[in-house]
Amino acid sequence: MKVLVIGAGNMGLTYARSIAKSGYLKKEDLMVYDKSSELRETLQKASDNFEVTDSLEESLPISDIIFLAVKPYHNDGLMEEMIDMMDNQKLVISIMAGVTIETIQKGLGIKKVVRAMPNLPAQVGKGMTSYLAAPEISRIELWMVEDLLNSTGKSVRVDSQMFIDASTGISGSGPAYVFYFMESMMEAAKSMGFSDNDSKVLVSATFEGAIELFNKNKLSPDGWMKRVASKGGTTQAALDSLEDNNVKDLIHDAAYAAFNRAVELGKPEEEQEEVLEK
């Protein structure tokens, strides 16, 4: 099996390097292409365990699985370039936000398409990827897809493209929400007199510890909050402030904003508008 990753940006390289590290493929069976000659030259000088190809004409016809890891607005031009080199035996895994399976099937003239939504922690092997597979993909091919996706962390198969868009609002964009909360806590710590470094350590260790507790116990987030907080105590004062300021509703709205935008990106540009109600 030969795999080609098209697009050597953050996520494209993350998949290429994670697959290479997993040992799932030999070096000669894993190829990376990017339209930037400067980037290809830089990658060719690196010690990554994959091949860097200068030409889609050479690499695409011999590839069995193709990752589309380009920005959504490059999609149309790329598919026009690819279509004459495609056949129905090839399987495409797209990580382009908002681009539907049907759009890719039509644009490339193929049936075997997987739409996936990874997130940034994939770069450190802690990624969360949701994916949806076209019905033409066999069970054996699904196992291969899962092995490739799981090289960056965990994956979950969903039942419809609506859940791909929804997971964009939760796990895809979610790390940014966490960083936003962390930044706010660090700024509060610094305003209380802690140094930049101590603020970072206090907040990062707090998040790491809380996540470890949550993952190793069946207790709900509300259950954990009740364990931390006591009536009239400091934690309850903080939670009351969050509730009074409707922070939970604001987070809910933020997730839906990302969800709606993912849906918009899947429509023709002239039809893009906010279409989903919370």
Side-chain angles (χ1 to χ4, degrees), residues 1 3-25 27 29-34 36 39 42-43 46-52 63 65-72 74-75 91-99 101 104 113-133 141-158 161 163-183 204 207-208 210-212 214-215 254-255 258-259 261-262 265:
M1 181 179 69
V3 174
L4 170 65
V5 178
I6 300 178
N10 285 334
M11 290 311 304
L13 279 181
T14 292
Y15 274 104
R17 286 169 173 161
S18 297
I19 294 168
K21 186 177 180 180
S22 72
Y24 190 66
L25 297 174
K27 180 176 181 177
D29 293 329
L30 178 58
M31 300 169 287
V32 174
Y33 171 80
D34 194 277
S36 168
L39 182 52
T42 298
L43 290 174
S47 57
D48 293 307
N49 198 30
F50 54 74
E51 300 288 344
V52 180
S63 300
I65 296 179
I66 302 106
F67 274 84
L68 297 183
V70 302
K71 298 295 185 184
H74 292 313
N75 179 48
L91 191 156
V92 168
I93 301 173
S94 168
I95 59 173
M96 297 184 293
V99 182
I101 287 177
I104 298 168
V113 176
V114 172
R115 184 180 169 196
M117 174 48 60
N119 66 4
L120 195 62
Q123 294 185 2
V124 292
K126 295 289 185 179
M128 182 67 246
T129 301
S130 59
Y131 73 96
L132 175 69
E141 288 170 328
L142 274 177
W143 289 341
M144 291 189 293
V145 167
E146 288 178 358
D147 284 340
L148 295 174
L149 296 179
N150 288 343
S151 69
T152 64
K154 296 180 180 180
S155 66
V156 58
R157 185 182 176 189
V158 298
Q161 293 192 83
F163 287 109
I164 296 292
D165 293 327
S167 67
T168 301
I170 303 301
S171 59
S173 300
Y177 317 156
V178 176
F179 295 138
Y180 188 94
F181 205 92
M182 291 178 73
E183 182 179 53
S204 63
F207 269 78
E208 184 178 359
I211 291 168
E212 188 78 6
F214 180 73
N215 285 336
F259 179 14
R261 183 57 181 155
L265 289 172

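Any value given below was found using the heavy atoms of this structure, including those in side chains, with hydrogens, waters and symmetry copies removed.
- Residues that satisfy the salt bridge (charged side-chain N to carboxylate O under 4.0 Å, His left out) test with Glu212, not counting sequence neighbours, are Lys216.
- Here the CD1 atom belonging to Ile95 is positioned 9.5 Å from the CD1 atom belonging to Ile93, to the nearest 0.5 angstrom.
- Summarising the geometry, atom OG belonging to Ser22 is positioned 10.0 Å from atom CG belonging to Asn49; distances are rounded to the nearest 0.5 Å.
- In terms of heavy-atom proximity, Val70 sits nearest to Gly7 at CG1-CA, 4.1 Å.
- In terms of heavy-atom proximity, Ala133 sits nearest to Ile101 at C-CD1, 4.5 Å.
- Looking at Leu4 and Tyr33, their side chains come closer than 4.5 Å, going by heavy atoms from C-beta outward.
- Taking 4.5 Å as the limit, some side-chain heavy atom of Leu13 sits within range of a side-chain heavy atom of Phe50.
- Annotation for Asn150 and Ser155: closest pair OD1-OG, 2.6 Å, computed over non-hydrogen atoms.
- A distance of 3.5 Å separates CE in Met117 from OG1 in Thr168, rounded to the nearest 0.5 Å.
- Atom CG in Leu142 sits 4.5 Å away from atom CZ in Arg157 (nearest 0.5 Å).
- Between Val99 and Pro72, the closest heavy-atom pair is CG2-CB, 4.1 Å.
- Listed by first then second residue, pairs satisfying salt bridge (Lys or Arg N to Asp or Glu O under 4.0 Å) with a partner in residues 5-17 read Arg17-Asp48, not counting sequence neighbours.
- Side chain of Ser36 to backbone of Leu39: a donor-acceptor contact under 3.5 angstrom is found.
- If you run side chain to side chain contact (heavy atoms under 4.5 Å, CB included) between Phe67 and each of Leu148, Val114, Ile6, only Leu148 comes through.
- When all heavy atoms of Leu149 and Ala116 are compared, the closest pair comes out as CD2-CB, 4.4 Å.
- Looking at Met96 and Ile104, their side chains come closer than 4.5 Å, going by heavy atoms from C-beta outward.
- With rounding to the nearest 0.5 Å, the separation of CG in Asp29 from CD1 in Ile19 is 12.0 Å.
- Residues forming a salt bridge (charged side-chain N to carboxylate O under 4.0 Å, His left out) with Asp34 (at least two apart in sequence, or on another chain): none.
- Applying the side chain to side chain donor-acceptor pair (under 3.5 Å) definition to pairs two or more places apart or across chains, none involves residues 169-179.
- In the displayed structure, Tyr180 atom OH is contacted under 6.0 Å by at most 12 heavy atoms of other residues, nucleotides or ligands.
- Counting only residues at least two apart or on different chains, the side chain to side chain donor-acceptor pair (under 3.5 Å) pairs with a member in residues 114-133 are Tyr15-Thr129, Arg115-Gln161, Arg115-Asp165, Ser130-Ser167, Tyr131-Glu146.
- Note that the OG1 atom of Thr152 and the CG atom of Leu120 stand 11.0 Å from one another [nearest 0.5 Å].
- When every heavy atom of Pro175 is checked against every heavy atom of Pro121, the shortest pair comes out as CG-CD, 3.6 Å.
- With sequence neighbours excluded, no residue satisfies side chain to side chain donor-acceptor pair (under 3.5 Å) with Asn10.
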